[in-house]
Amino acid sequence: MKNFALCAKSLMLIFALFAASCTNSNDSANSSAPTATADQPVAMINIRYIDADSIAAHYNLAKDFKEAQMRQVSKIDNAQRSRGAEIQKLANQIQQKINSNGYLSQESFNSDQELLNKKNTEAQNYLASLQREAEQEMIQQQMQLNDSIEAFIKEYNKTRGYDAILYKAVGVYFNPALDITDEVIKGLNARYNKVAE
């Protein structure tokens, strides 16, 4: 019980010291903060922002990558349907043989069952391979897209001299007058040369 009371007093003392130090640091922080006077204005930071969603929707490179991704998804869906139909057809043939007593031996049934399992495994491996290929392609495209935007922004800012260009998603509110998205999209599209597939 004594230990508990001693511990509680220690905690109260630590809390009081912490509160006093916070008050002192706030006072000193406020006293050292720059204030605007008639003689000396506060330096303003020149910031602009861009909207990544708008760039993804209107930058031709991003649109081309989206089309390529849709083709890749379509290719995977077609392969899945095709392989699934092939496996289903084989499974139906096996079932018909079972129903019509078409298997003359257990070995014949086992052989067809092994073939079905093999086709199923091959289909799964093939689809997994297509999926990995599509994911790698998407990663490469995203890196290329990011590099393209960053390279353009660096070049663009050489003539503008902004202190920072942020993505809109990093903030809660930005003054719409600071939005340079349309200007950036026009510049990106002007320098984009579509590569033949």
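Just so it is clear, the model here is predicted, and its values are computed rather than measured.
Considering Gln88, Lys89, Gln95 as possible partners of Asn92, the one that fulfils the side-chain hydrogen bond (donor to acceptor under 3.5 Å, both in side chains) test is Gln88.
For the residue pair Ala57 and Lys63, the shortest heavy atom distance occurs at O-CD, 3.3 Å. Minimum interatomic distance between Tyr126 and Ala79 (heavy atoms only, all atoms of both residues): CE2-CB, 3.7 Å. The nearest pair of heavy atoms linking Ser148 to Leu188 is O-CD2, 4.1 Å. Between Ala62 and Ala56, the shortest heavy-atom distance links the atoms CB-O, 3.5 Å.
No continuous path of ILVMFWY side-chain contacts below 4.5 Å connects Met70 to Leu130, so the two sit in separate hydrophobic clusters. Note on Met143 and Leu61: separate hydrophobic clusters, where clusters join Ile, Leu, Val, Met, Phe, Trp and Tyr whose side-chain heavy atoms are under 4.5 Å apart, directly or indirectly. Note on Ile149 and Met138: separate hydrophobic clusters, where clusters join Ile, Leu, Val, Met, Phe, Trp and Tyr whose side-chain heavy atoms are under 4.5 Å apart, directly or indirectly. Grouping the Ile, Leu, Val, Met, Phe, Trp and Tyr side chains by contacts below 4.5 angstrom, directly or via other members, places Phe65 apart from Val73. Both Tyr156 and Leu145 belong to a single network of hydrophobic side chains, linked directly or stepwise wherever heavy atoms of I, L, V, M, F, W or Y lie under 4.5 Å apart.
Counted by atom type alone, Asp112 and Tyr103 present one or more donor-acceptor pairs between their side chains at under 3.5 Å. In this model, a donor atom of one side chain and an acceptor atom of the other lie less than 3.5 Å apart for Gln142 and Asn146.
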Acceptor/donor pairs from residues 80-87 side chains to any protein atom, 3.5 angstrom cut, sequence neighbours excluded:
{"residue": "Arg81", "atom": "NH2", "partner": "Asn78", "partner atom": "OD1", "Å": "2.5"}
{"residue": "Glu86", "atom": "OE2", "partner": "Lys119", "partner atom": "NZ", "Å": "3.3"}

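No donor-acceptor pair under 3.5 Å is formed between the side chain of Asp163 and the backbone N or O of Ile47.
Below 30°, between 30° and 60°, or above 60°: for Tyr59 and Tyr192 the angle between ring planes is above 60°, a perpendicular geometry.
Side-chain contact between Ser54 and Lys168: absent, with no pair of heavy atoms (C-beta onward) separated by less than 4.5 Å. At least one side-chain heavy atom of Leu166 sits less than 4.5 Å from a side-chain heavy atom of Phe174. Ile165 places none of its side-chain heavy atoms less than 4.5 Å from the side chain of Tyr167.
No more than 12 heavy atoms of other residues, nucleotides or ligands sit less than 6.0 Å from atom NZ of Lys66.
Atom CD of residue Gln106 and atom CD of residue Gln113 lie 10.0 Å apart, to the nearest 0.5 angstrom. For the atom pair CD (Gln96) and CD (Gln93), the distance works out to 7.0 Å, reported to the nearest 0.5 Å. In this structure, Ile50 CD1 and Ile180 CD1 are separated by 6.5 Å, a value rounded to the nearest 0.5 Å. From Asp53, atom CG reaches atom OG1 of Thr181 across 10.0 Å, with rounding to the nearest 0.5 Å. Interatomic distance, Gln144 CD to Ile139 CD1, rounded to the nearest 0.5 Å: 14.0 Å. In this structure, CG in Leu116 is found 5.0 Å from CG in Leu90, a value given to the nearest 0.5 Å.
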* Asked: Between His58 and Lys186, is a side chain to side chain contact (heavy atoms under 4.5 Å, CB included) present by the stated rule, with each step listed?
  -> CA-CA 9 Å; His58 301 290; Lys186 284 178 191 168; over 6 Å; no
* What do the steps show when you test Arg132 against Glu135 for salt bridge (Lys or Arg N to Asp or Glu O under 4.0 Å), and what is the final call? -> CA-CA 5 Å; Arg132 280 192 303 273; Glu135 288 170 2; over 6 Å; no
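With respect to the salt-bridge test (charged N to carboxylate O, under 4.0 angstrom), the residues Arg48 and Glu183 do not qualify.
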